[in-house]
Amino acid sequence: MANQRGHAHGEVPIVRLDRFVEGLPEQARPDESGAGMVRWSVQGEQGKGTSRSGAVIGGQPLLQLHVQAAPILVCQRCNAPFVYSVDSTVVLQLVASEDDLEDDLGDLDEQDEDFEAAARLPEKVVGSHRFDLLAQIEDELILSIPYVPRHEVCPGQEAVSDEEVESPEVKRPSPFAVLEQLKRKN
């Protein structure tokens with residue numbers, strides 16, 4: 001597919017992805033509106049040139065994978081379910097064996113100016129004639145979910161604007177003010 005610059009796309013029900021839905025609340029069943037579905041597309045291509053870290057990606061088989069879904073997660077603040085939108089794109093470099101999976105970023109420091117550019121290198125995966133694209137789609141979904149999912153604003157709570165945060169509250173008397181008065185009387 002990568003060598004022929006092929007393209008494929010499709011949909012799969014979220015509930016079919018066992019590893020992804022494990023530990024999540026019950027997911028929406030697929031319907032005409034597209035709820036409960038994972039939409040994906042993949043485009044094959046050949047890499048061009050080298051990366052800023054010096055890794056040669058020219059001529060390497062690449063797959064650009066795009067995944068969209070709207071799984072139901074549980075907010076860790078209010079414990080209520082909510083729909084989380086996933087729209088992720090990743091570039092995968094197909095390598096011949098596990099020995100070729102070595103990380104090209106090993107000699108770069110996180111403070112290095114090249115680290116950010118090098119971090120955009122394609123993810124390496126072992127490619128074969130029996131490449132499991134569905135497993136790769138599921139992996140991308142798993143990696144797209146936040147470690148601690150939460151609403152932007154939980155239901156029943158009002159959004160707090162920056163002005164409200166900065167405005168001083170009505171000053172209440174300190175609970176230690178009474179003690180200070182007793183201390184002065186003695």
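Note that the structure is predicted; figures quoted are calculated from it, not measured. Index from 1, following the sequence.
In this structure, the side chain of Q68 does not engage the main chain of H66 through any donor-acceptor pair within 3.5 Å. In this structure, E45 contributes its side chain and Q43 its backbone to no donor-acceptor pair below 3.5 Å.
Under the 4.5 Å side-chain contact rule for hydrophobic residues, I145 and V21 share a cluster. Residues V86 and W40 share a hydrophobic cluster, clusters being chains of Ile/Leu/Val/Met/Phe/Trp/Tyr side chains in contact below 4.5 Å. Linking Ile, Leu, Val, Met, Phe, Trp and Tyr residues whenever their side-chain heavy atoms come within less than 4.5 Å leaves L143 and L73 in two separate clusters. Under a hydrophobic clustering in which Ile, Leu, Val, Met, Phe, Trp and Tyr are joined whenever their side-chain heavy atoms come within less than 4.5 Å, directly or via other members, I142 and V12 fall into the same cluster. Transitive grouping of hydrophobic side chains (ILVMFWY, heavy atoms separated by less than 4.5 Å) brings L134 and V67 into a common cluster.
For E140, the side-chain hydrogen bond (donor to acceptor under 3.5 Å, both in side chains) partners two or more places apart in sequence, or in a different chain, are S88. Scored by the ring pair (Phe, Tyr, Trp, His ring centres under 6.0 Å) test, H151 finds F82 as partners (sequence neighbours excluded). Residues forming a salt bridge (Lys or Arg N to Asp or Glu O under 4.0 Å) with R77 (at least two apart in sequence, or on another chain): none.
R19 has its side chain within reach of D139: a pair of non-hydrogen atoms, C-beta onward, lies under 4.5 Å apart. No side-chain heavy atom of Y84 sits less than 4.5 Å from a side-chain heavy atom of P149. You'll find the side chain of H9 reaches within 4.5 Å of the side chain of H7, heavy atoms only. At a threshold of 4.5 Å between non-hydrogen side-chain atoms, the residues I72 and L24 do not count as touching. Considering only heavy atoms from C-beta on, C154 comes within 4.5 Å of C75 through its side chain. Annotation: side chain of E11 is not in contact with side chain of V38 (no heavy-atom distance under 4.5 Å).
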May I have the step-by-step check of side-chain contact (heavy atoms from CB on, under 4.5 Å) for L65 and I137, ending in yes or no? CA-CA 8 Å; L65 177 63; I137 291 167; 3.9 Å; yes

Please evaluate residues L92 and V42 with respect to the criterion side-chain contact (heavy atoms from CB on, under 4.5 Å), reporting the C-alpha separation (whole Å), side-chain torsions for both, the decisive distance (0.1 Å), and the verdict. CA-CA 10 Å; L92 305 170; V42 63; over 6 Å; no

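In this structure, CE on M37 lies 10.0 Å from CZ on R16, to the nearest 0.5 angstrom. Put simply, CD on E138 and CG on L133 are 12.0 Å apart, with the number rounded to the nearest 0.5 Å.
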